[in-house]
Protein chains: 2
Amino acid sequence: MRDLTLFRSLGDEAFAQLMDAAYLQRFPPGVVLISENERADFLHVVVEGTVEMFATSHGRETTIELIRPVGLFLLAAVLKDQIYLQSARTLAKSQLLLIPAEKVRMAMERELPFMRAIVMELASDYRSTIRDLKSLKLRTSAERLANWLLRAEAEQGGSGQIELPCEKRTLAARLGMTPENLSRAFASLSAYGVQSKGSIVAISDLSRLSDFAAPDPLIDERDPS
Amino acid sequence: MRDLTLFRSLGDEAFAQLMDAAYLQRFPPGVVLISENERADFLHVVVEGTVEMFATSHGRETTIELIRPVGLFLLAAVLKDQIYLQSARTLAKSQLLLIPAEKVRMAMERELPFMRAIVMELASDYRSTIRDLKSLKLRTSAERLANWLLRAEAEQGGSGQIELPCEKRTLAARLGMTPENLSRAFASLSAYGVQSKGSIVAISDLSRLSDFAAPDPLIDERDPS
DNA sequence: CGGCGCTTTGAGGGAATTCAAACTTAGTGG
DNA sequence: CCACTAAGTTTGAATTCCCTCAAAGCGCCG
């Protein structure tokens with residue numbers, strides 16, 4: 001927990017207070033943790049497992065983001081004391097820490113370094129969402145997939161192999177397309193050395209894929225923290 | 001200037017210090033104020049006119065947002081001391097206040113209420129970007145236009161008439177489509193009582209348009225501040 | 001008044017979605 | 001351990017949506 005940049009900023013006492021008020025809970029896969037339109041009662045921290053942030057409107061649904069350990073979500077809604085704009089469900093067996101919203105806001109008021117860390121966290125989240133927006137508006141679906149693969153490959157150690165963190169249907173929604181379309185995108189990337197078998201993807205020639213993907217640091221690279 | 005929620009939080013002295021260090025500048029239309037990939041040197045405040053935030057990648061370009069008085073941009077990049085992810089250009093004759101990034105960060109450290117206001121501003125910006133993302137991923141282009149029109153109508157006083165704040169090509173990019181497609185979207189909305197002539201759009205029957213648009217509070221409504 | 005640029009319209013093509021069905025995989029219960 | 005089921009994935013065909021290219025119309029400003 002303390003590994004989180006956000007909580008590293010807290011003094012021991014304040015950290016203990018937050019933890020005392022928090023609930024550590026386990027959930028099986030497929031549980032809807034929160035639904036959009038509810039009031040923000042808890043800041044959620046993913047300690048173990050995977051959580052999908054998704055959104056619906058008039059029967060349609062899409063994935064906004066995947067949260068994996070150690071990551072938090074709903075911070076903006078908690079701070080503004082507003083309703084959630086996104087829903088969340090577990091994709092795998094997960095362990096979450098629920099911190100009462102009120103306690104988070106109190107800790108922020110009491111500890112300047114914590115508020116500073118919150119500013120940085122929010123700024124990062126904002127910028128990361130802008131990157132997503134740019135990717136959606138400036139790229140085709142195959143390009144989005146190609147760049148997503150390149151980044152996943154690097155994050156998973158650069159072995160040329162990727163293990164998908166979720167089902168393909170979810171990845172499709174995350175990248176803004178249908179499952180069928182993702183399947184076709186994978187098929188079209190086979191011309192650039194991409195082979196997918198189940199949840200394992202192999203990239204035989206990074207530079208060839210990179211030529212097609214044309215990665216853009218202003219979309220694909222993460223801010224240095 | 002002091003009307004801005006962000007600056008209302010500043011003490012008189014700190015506010016004066018910020019203003020002393022800032023530059024008030026006028027720009028003709030069509031000037032590129034900042035380009036993505038540059039380091040964040042100034043927080044920008046639009047005092048008069050209109051600024052378009054846009055982004056490019058490999059020859060493609062899109063509009064992210066329009067900023068009008070009194071609004072600010074580049075806050076996240078300034079706080080993180082990072083490069084900009086977006087470019088900015090004036091659409092009309094504009095007057096901007098440029099506040100050195102370093103001064104903003106210093107003011108934040110010195111004044112707790114200012115930092116608190118920054119937290120709220122960032123949280124709002126984040127949530128508003130999430131709304132954009134949902135709109136893009138969950139709606140067709142005609143639906144995005146219809147909902148944009150409904151919101152613009154309300155913001156402009158509910159007279160049933162809208163004056164477009166920018167050229168249609170820019171609105172098209174803002175909504176994630178081509179100018180041709182926007183034109184066709186307008187044509188298709190004429191079945192729901194929408195007439196556009198130049199930069200004036202008339203809605204003859206709000207409820208009919210609303211039936212088609214199916215506005216969703218979690219996408220179209222702004223947070224109460 | 002003329003020219004430039006934006007907007008509209010049309011035609012054609014490409015990309016993505018929908019619908020449907022076959023196939024694969026994982027998980028369950030016999 | 002195997003068969004069976006259910007769900008996820010892939011493939012195919014048809015459709016819709018959107019984009020590109022091209023040309024014509026229109027408005028605005030010099």
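By convention in this document, chain letters (A, B, ...) are assigned in the order of the sequence lines, proteins followed by strands, and residues within each chain are numbered from 1. Only a predicted model underlies this, so the values are computations on that prediction, with no experimental measurement involved.
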Could you state the atom-to-atom distance from [atom1] of [X] to [atom2] of [N] in whole Å?
X      : N      : atom1 : atom2 : value
B/R169 : D/dC19 : CZ    : P     : 14 Å
B/E143 : D/dT16 : CD    : P     : 16 Å
A/K168 : D/dT9  : NZ    : P     : 7 Å
A/R60  : D/dC17 : CZ    : P     : 11 Å

Q) Less than 4.0 Å between a side-chain N and a carboxylate O, is that true for B/D132 and B/R144? A) no
Q. Using 4.0 Å as the upper bound for N to carboxylate O, is an ion pair formed by B/D125 and A/R127?
A. no
Any salt bridge (Lys or Arg N to Asp or Glu O under 4.0 Å) pairs touching [range], not counting sequence neighbours?
range                       : result
residues 182-196 of chain B : none
residues 58-77 of chain B   : A/E143-B/R60, B/E61-B/R89
residues 157-167 of chain A : none
residues 191-216 of chain B : B/D205-B/R208

Q.
I need the residues from residues 173-183 of chain B with at least one non-hydrogen atom less than 4.0 Å from DNA chain C; give them sorted by number, or say none.
A. B/E180, B/S183
Q: Would you sort out whether B/I99 and B/L72 count as a side-chain contact (heavy atoms from CB on, under 4.5 Å), showing the intermediate values?
A: CA-CA 11 Å; B/I99 312 178; B/L72 46 84; over 6 Å; no
Q: List for me each residue that meets ring-ring contact (aromatic ring centres under 6.0 Å, His included) alongside A/Y126, sequence neighbours excluded, and say none if there are none.
A: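 Partners of A/Y126 under the ring-ring contact (aromatic ring centres under 6.0 Å, His included) test: none.
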(Q) Using the ring-ring contact (aromatic ring centres under 6.0 Å, His included) criterion, which residues pair with A/F212? Sequence neighbours excluded. (A) A/Y192
Q | Any residue meeting salt bridge (charged side-chain N to carboxylate O under 4.0 Å, His left out) with B/R131, in chain and number order, not counting sequence neighbours | A |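 With sequence neighbours excluded, B/R131 shows a salt bridge (charged side-chain N to carboxylate O under 4.0 Å, His left out) to B/D223, given in chain and number order.
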Dump the pairs, protein N or O against N or O of nucleotides 26-30 of chain D, anything under 3.5 Å, distances to one decimal.
none

Q.
For a quick test of reading the model, state the closest non-hydrogen atom pair linking A/P165 to A/L66 and the distance between them.
A.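 Closest pair (atom of A/P165, atom of A/L66, distance): CG-CD1, 4.3 Å.
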Q.
Show the nearest heavy-atom pair for residues A/K137 and B/A173, with the distance to one decimal.
A. NZ-O, 2.9 Å
**Q.** Nucleotides bounding contact with chain B, strand DNA chain C, heavy-atom threshold 4.0 Å
**A.**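 The contact span of chain B on DNA chain C goes from C/dC6 to C/dA11.
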Q: Enumerate the residue pairs fulfilling ring pair (Phe, Tyr, Trp, His ring centres under 6.0 Å) with a member in residues 59-84 of chain A, sequence neighbours excluded, ordered by first and then second residue.
A: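 Non-adjacent pairs meeting ring pair (Phe, Tyr, Trp, His ring centres under 6.0 Å): A/H44-A/F73.
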Q: Could you tell me, to 10°, how much the axis swings from one end of the helix from C/dC1-D/dG30 to C/dG30-D/dC1 to the other, five pairs per end?
A: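 It comes to 40° between the two terminal axes.
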